[in-house]
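What you see below is based on every heavy atom in this structure, not just the backbone, and it leaves out hydrogens, waters and symmetry mates. Order of listing sets the numbers, starting from 1, for every ligand and every atom in it.
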Amino acid sequence: MAKLIAANWKMNKTVDETVDFISGLKKSKIPKEMEIAVFPPFTSLHAASKLLEKSKISLGAQNMYFEEKGAFTGEISPLMLKELGCRYVLIGHSERRHIIAEKNKDIKKKFSLALKWELIPVLCVGETKKERKSGKTMEVIESQLKGIQASKGIVIAYEPVWAIGTGENATAKQASEMHSAIRRIISRNSIRIIYGGSVSPENSSNFLREKEIDGLLVGGASLDLKKFTYIINS
Ligand code: PEP
């Protein structure tokens, strides 16, 4: 299985900035054993999709709604993402869980609907610092994974909340241990489990070296083409 390196731009980059970045990325060296995916904001998906038409770089969206269509002002349907050529969709990113207050039950509905529309869900799971300190990590991860259909090809992103955007990454050993625990919970070998949380050019190779880590979800460092291509080649 190719390792997946995914760029989550969050609420960053205009259409012009997206075009500049992707044009540069297409010219960069990408090792054959890596799959690269970019997750621009919704407003840039169309432009990104055009640029990536004949490219091996995949396109993903940062979120979707759990209904196909209807009176849901401001929401985006999986059909709309499909139409734009998205291969992946992030589901339950910690910023959506903790800032936008998305609930596990809605996240699971999104996950199922993404599968129905043949979008590959990248389900984000992870514990807060408080939960880790009080020994609740596994309980939290289990409840985030409970009931999800672990179909072949899906991606789980282990992203400890305390490591996202903080500069305090998990160690490769901590991430590896969590990845094998997640694999045990979902009892599937054929899915990719990627790590996210303050990945940088300085630490990326430590993670990619680990057998249990099938790739990286990169936030802050993916906004800079130089840093991101360094990570891809690390
Ligand atoms: C993320 O957005 O999923 C993420 C891990 O962010 P950062 O790399 O900035 O911690």
Under 3.5 Å: N/O of Gly196 near N/O of ligand 1: no
Closest protein heavy atom (residue, atom, distance) for atom 6 (O) of ligand 1: Lys10 NZ, 3.2 Å
Protein residue, atom and distance nearest to atom 1 (C) of ligand 1, heavy-atom basis: His93 NE2, 3.2 Å
Proximal atoms of ligand 1 relative to Gly219 (non-hydrogen, under 4.0 Å): 2 (O), 4 (C), 6 (O), 7 (P), 8 (O), 9 (O)
CG-CD1 distance between Leu216 and Ile5, expressed to the nearest 0.5 angstrom: 4.5 Å
Numbered atoms of ligand 1 (with element) below 4.0 Å of Ala163, judged on heavy atoms: 10 (O)
Part of Asn8 with heavy atoms under 4.0 Å of ligand 1, whether side chain, backbone, both or neither: side chain
OG on Ser77 to NZ on Lys82, rounded to 0.5 Å: 12.0 Å
Geometric class of the Phe21/Phe228 ring pair [parallel <30°, tilted 30-60°, perpendicular >60°]: tilted
Glu118 with Arg87: basic N within carboxylate O range, under 4.0 Å: no
Path from Tyr158 to Phe39 over hydrophobic side-chain contacts below 4.5 Å: no
For atom 9 (O) of ligand 1, the protein heavy atom that lies nearest, with its residue and separation: Gly220 N, 2.8 Å
Identity and distance of the protein heavy atom lying nearest atom 3 (O) of ligand 1: Glu159 OE2, 2.6 Å
Nearest-0.5 Å distance, OH of residue Tyr88 to CG of residue Leu4: 4.5 Å
Minimum-distance protein heavy atom relative to atom 10 (O) of ligand 1: Gly165 N, 2.6 Å
Residue Lys10 excluded, over 12 heavy atoms near NZ under 6.0 Å: yes
Subset of ligand 1 atoms that lie under 4.0 Å from at least one heavy atom of Gly197: 5 (C), 10 (O)
Any Ser198 heavy atom less than 4.0 Å from ligand 1: yes
Backbone N/O of Leu225 and side chain of Tyr230: donor-acceptor pair under 3.5 Å: no
Distance filter under 4.0 Å to Leu217 heavy atoms, resulting ligand 1 atoms: 3 (O), 5 (C)
